[in-house]
Every structure is written in C-alpha cells, then in structure tokens.
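The following block contains the structure, expressed as structure tokens.
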Amino acid sequence: MDYASLKALYDYHGQAHVFEHFETLDPQQQTALLRQAAGIDLDELDQLVEIHVRQEAVAGIDFEKLEPAPYLPHFRNGGDAEQWQHARKTGEQALRDGRVGVFTVAGGQGTRLGYDAPKGTFPVTPVSHASLFEVFAAKLRCAARLYGKDLHWFIMTSEVNHDQTVRFFEQKNYLGLRADKVHFFRQGLMPAVDFNGKLILESPGSLAMSPDGHGGSLRALYRSGSTRIMRENGIDLLSYFQVDNPLVKCVDPYFIGFHILGNSEMSGKALPKAYPGEKVGHFCTYGGKTVVVEYSDLPAELQEARQPDGNLKFSGGSIAIHVINVDFVERLGSGSNPEASLPFHKAVKKIPYCAPDRSIVRPDKPNGVKFEMFVFDALPFARHPILIETLRSEDFSPVKNAEGVDSPESCRKDQLRMAASWLKDAGVNLKTDDSGLPETVIEIDPAFAMDRETFLSEWARLSPKPAIRDGLIISG
Ligand code: UTP
C-alpha cells in the first residue's frame, strides 16, 4: 500500500499520529514504517482496544459454574500402573513410527531473568553449565537412540531473538543434531497501545511491537509452513514445551501414549500445586469444556478451597507441557473457523515511547497495553482433551527470575535432586539432605538418559561404574 492510502486508512481508525514524523524520515526509514504499518490489522486492533482498553472489565467467569478438571493420577501417586505401562508402549510405538515432532516456544523476552541473549542459550546445568537448548538437544539425541528415529525439532523465536538463536545453533554445530531436522520460525508481533488505545511510536519511524504470546505459536506454525514440513515427514503429533524448563521430558512416551489412546487433540500435564497460592494456571471445567484459569483470575477463596479429604479443590496446575495434533494446529492456526480462534489477553506494561520532541522516554510506571495469546486457550476447542498428572521433581523447574523462586539457583538444586534420586533408585549410596539435595555436585548427561527409566537401564549396563565425586558427569 502506498503512503496516501495507508495514511487515509490510519486516519479512519484514529491512528494518523503514527505518521507525524514521516516527512522527516529518510527514504529507508519511510519504507520501513510503511511496511510495519501495512502489517497491522487495524480492524482487529479496534476490537482489542474496545474490549481491553475502553471497557471497564472483560466479561468474567461465573465462578459458581467453575469446577476443577479431573486428571489421571501418576502411577507413583496411586494411578493404575498397568494403564500407564500400556500408554508408554503406545507412545514408544508412535516415536518409533516417526509420528512425533518436538516443539519449543522460545520467542519470549525473558525480562524477569534479565539475561541479555535468547533464554535458550542460558547456562543451567550444575557441572558442565550446558545451556537450556543444549539440554533439550541432548534429550532428543537420547530419544533418537532409543527409538531409532531422529526427531524434527521446531523452535519458535521472535523478531527480537531470531538471528541470535540461529547463530547459536550454527556456531555449536546444531548441538549434535542434524541441521535439516532443526526448524526455526518467527512468531507474529502485535502493536502496543497507550491507555487511550493509540498506537505507540517507539521512535520517529517505528511502532512499539511485541511478540504475540505463546498462543501465537499456533498461527505461526501454520503461517511459517512448519505444519507442511510436519505433514511431509509423517509427523501428526507435537510435543510442546517452553524454553525455560530444563527438567521437562521433551519426549514423554507415557504422555504421548495417553494422548493417542484418549483420541485427544490437545493434552496437558497437570501438576498438583505446591501451595494454594502457587502462581500457575488452574485446569478447570467450565460449560462442559476444559479451560485454564490463570492464578490472577481465580479468587483467593477458590485457590485455597479444600475438598472434604483436605486436599486442595483446584489442585491441577498447568505447566505448559502439551501434546497437540498437527491437524488441530492447522485448524486453529489457519483461522479457517472464526469460532475457534484464541482470544487476546492484555498485559499492562512500561513501554518506551517517542515524545513529540523526538526524544525517547522510558516511563517508570506502566503507560500502555500489550496483547498476547496463550496456548492453553486452545484447550476448549480440542476434542477429548486428556490431562495426566506429572511429578514436579521430574518435569518442572523453570528458570524465570534472576533470584529466589524459579531462578537459576533453585533450578540447579532441582537438577541435583533429580540426579541424586535416580542414582539412589539405581542403588547408589549417596548422601542427601532432607530435601533430597546431594552433597556432591553431579550431572547426568541428558544424552545418556532423558528420563528415570532410561537412566536405570543405562546405568545397569554401565561397566565399570564411575565413582561418585564432585564434578562427575555421567555420560556413559
Ligand atoms: P513467559 O510467560 O515466562 O514469558 O514465557 P517470557 O517472555 O519468556 O519472560 P518474562 O515474562 O518477560 O520474564 C513462557 C514461555 O513462552 C515463550 C517463552 O519463550 C517461554 O518459553 N513465549 C512467551 C513465546 O514464545 N512468545 C511469547 O510471546 C511469549
């Protein structure tokens, strides 16, 4: 679109200020701004502003009708061991058949951690200081060995971290994976607005834009052609996880098996909350659908409500680990059915902006709104969503904050605890404190064992066995 038509369109939508410095820009900057402006869906933006900025409150949930969603208990927590074994075998067959692709969302800005590079490159392991991406790649190498198939790995980045992410993989020779099996694509961007619904200029020639949330992954998978690559390679299931959690079972045959046996389109792992106010989403049922209600949207009395047996009523926490059918991604991601599209949520943020005198102002309090989609909002559209319980110690220890809860230090300790617990399970005598934390700093190479079951069988085969000492990396 040329300048005149775009300006007229922006004028019509009350956003003509976007071009207030246009005449002062050089031709390159003008082209860049026009391209950016042309990429924004102003009708969609009008709706979002109406709902999230102008209206006092978004239509809420009728909490009388909200119930906790049931989930299958883990076999180490009272679940049916035979049923879990059957699921495992089913999942393993799907892996051997090459039906499973791996998908990591890594487009976030990681502001809480405050690390000046893509979060996936952050060093996390206690001895070798391997990065998050390296941990996942090692697990994929382990899975390839176990199931005789190299897995395709899809990594969603954003405009902000794409080039750095790809460079990291190139410099490290694709972390021991085949380059043609690793696929990067960028997620979409959404413009930010101020509290009057006006688009924000972050400089005289560019708009403030931010990634459209992990829920943007569904349309980005579709638009980037990733789902086509999946189809061409016989992949009909995706193992979805976030970039910040090195404990995650990137490939979990039990989970994949339950998903297949349940004829589910999207499944989730539920983690019993550690305490009533834990900041995780809650798996619930509402109007016959499975939904996730964010901790900030669930009143404190419901967060704390107990069942007659004393257990928390709303206990199933959502930790963003899913198995998703590729055709479900296509259905939602293509936007072919307007009834099945993910809603946007608003996040009130401090957004740097360009003042009328062209200086850049970094506000010290929130001045605007960003829009994001959440992947768990796809659950209500899924056929037969299955939820299974997972164990925190084996699947979840994210690196979110620089210090304290969910920090590099808490995650390092959780990795040590997990390694110690596997070694003890294998009969190794190891001193630990009451929380299971070993005195010795050790690491189990995820390429050697991606999960407890694999560790037990690999360790049994290992001869001679290494002496446990500080700095040991068990790698076979
Ligand atoms: P978080 O909600 O922790 O957000 O993302 P974040 O941006 O990484 O971190 P903060 O809030 O700025 O500190 C959870 C997961 O979703 C991905 C992140 O990369 C992470 O794996 N994500 C988040 C995206 O891929 N895109 C987004 O737009 C947002």
Side-chain angles (χ1 to χ4, degrees), residues 102-122 124 131-133 135-136 153-162 164-166 168 183-192 208-224 226 238-248 250 268-269 271 278-281 292 294-297 317-322 324 329 333 342-352 366 369-378 395-408 410-411:
V102 177
F103 177 35
T104 308
V105 286
Q109 292 171 306
T111 40
R112 282 170 288 173
L113 182 62
Y115 176 59
D116 193 22
K119 211 191 237 188
T121 68
F122 186 79
V124 275
S131 65
L132 286 151
F133 280 137
V135 170
F136 304 142
W153 187 10
F154 297 84
I155 300 173
M156 185 175 81
T157 61
S158 66
E159 210 51 60
V160 185
N161 64 18
H162 183 86
Q164 261 182 300
T165 303
V166 175
F168 179 81
H183 312 272
F184 303 96
F185 63 95
R186 292 175 176 85
Q187 71 179 110
L189 294 173
M190 281 300 286
M209 308 282 287
S210 57
D212 58 2
H214 40 69
S217 60
L218 301 183
R219 60 191 197 183
L221 277 168
Y222 180 77
R223 288 176 184 173
S224 64
S226 301
L238 274 188
S239 176
Y240 170 108
F241 57 90
Q242 303 190 334
V243 77
D244 51 22
N245 176 18
L247 254 54
V248 68
C250 304
K269 280 192 180 174
L271 183 72
E278 187 174 5
K279 291 184 176 177
V280 289
V292 171
E294 283 213 276
Y295 66 90
S296 48
D297 291 336
S318 163
I319 49 170
I321 304 175
H322 299 286
I324 312 178
V329 173
L342 301 195
F344 277 95
H345 299 254
K346 81 164 169 187
V348 173
K349 300 267 179 185
K350 294 178 216 163
I351 304 164
V369 172
K370 291 183 177 180
F371 299 106
E372 283 192 349
M373 288 178 276
F374 298 152
V375 76
F376 53 70
D377 280 331
D395 226 354
F396 189 61
S397 184
V399 176
K400 296 271 186 204
N401 306 306
E403 286 173 359
V405 181
D406 296 342
S407 65
S410 65
C411 179

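As the structure is a prediction and not an experimental result, all values here were calculated from the model. When a ligand or atom number is given, it counts from 1 through the structure's own listing order.
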**OP:** List the closest protein heavy-atom neighbour of atom 25 (O) of ligand 1: residue, atom name, distance to the nearest 0.1 Å.
**Re:** Gly107 N, 2.8 Å
Original post:
For ligand 1, which atoms have a heavy atom of Lys400 less than 4.0 angstrom away?
Top reply: 1 (P), 3 (O), 14 (C)
Subject >> From the candidates Lys370, Arg112, Met190, Gln242, the one that places a heavy atom nearest atom 14 (C) of ligand 1 >> reply: Gln242
Original post:
What do you reckon, are the aromatic ring centroids of His214 and Phe374 less than 6.0 Å apart?
Top reply: yes
Original post:
Just which atoms of ligand 1 are under 4.0 Å from any heavy atom in Pro211?
Top reply: 28 (O)
Original post:
Counting each atom of ligand 1 from 1 as listed, which ones have a heavy atom of Met156 under 4.0 Å away?
Top reply: 25 (O)
**OP:** Enumerate the atoms of ligand 1 whose separation from the nearest heavy atom of Val243 is less than 4.0 angstrom.
**Re:** 19 (O), 21 (O)
Original post:
If hydrogens are left out, which of Ala106, Gly108, Gly216 has an atom nearest to atom 23 (C) of ligand 1, that is, the closest non-hydrogen atom?
Top reply: Gly108
Original post:
Among protein heavy atoms, which sits nearest to atom 7 (O) of ligand 1, and what does the distance come to when rounded to 0.1 Å?
Top reply: Gln109 N, 2.8 Å
**OP:** Give a yes or no on whether Phe396 atom CZ has more than 12 heavy-atom contacts from other residues, nucleotides or ligands under 6.0 Å away.
**Re:** yes
Subject >> Under 3.5 Å: N/O of Gly213 near N/O of ligand 1 >> reply: yes
Original post:
Taking atom 26 (N) of ligand 1 as the point of reference, which of His214, Lys349, Gln187 owns the nearest heavy atom?
Top reply: Gln187
Original post:
Taking atom CD of Glu294 as the centre, does the number of heavy atoms from other residues, nucleotides or ligands within less than 6.0 Å exceed 12?
Top reply: yes
**OP:** Answer yes if the ring centres of Tyr240 and Phe103 are under 6.0 angstrom apart, and no otherwise.
**Re:** yes
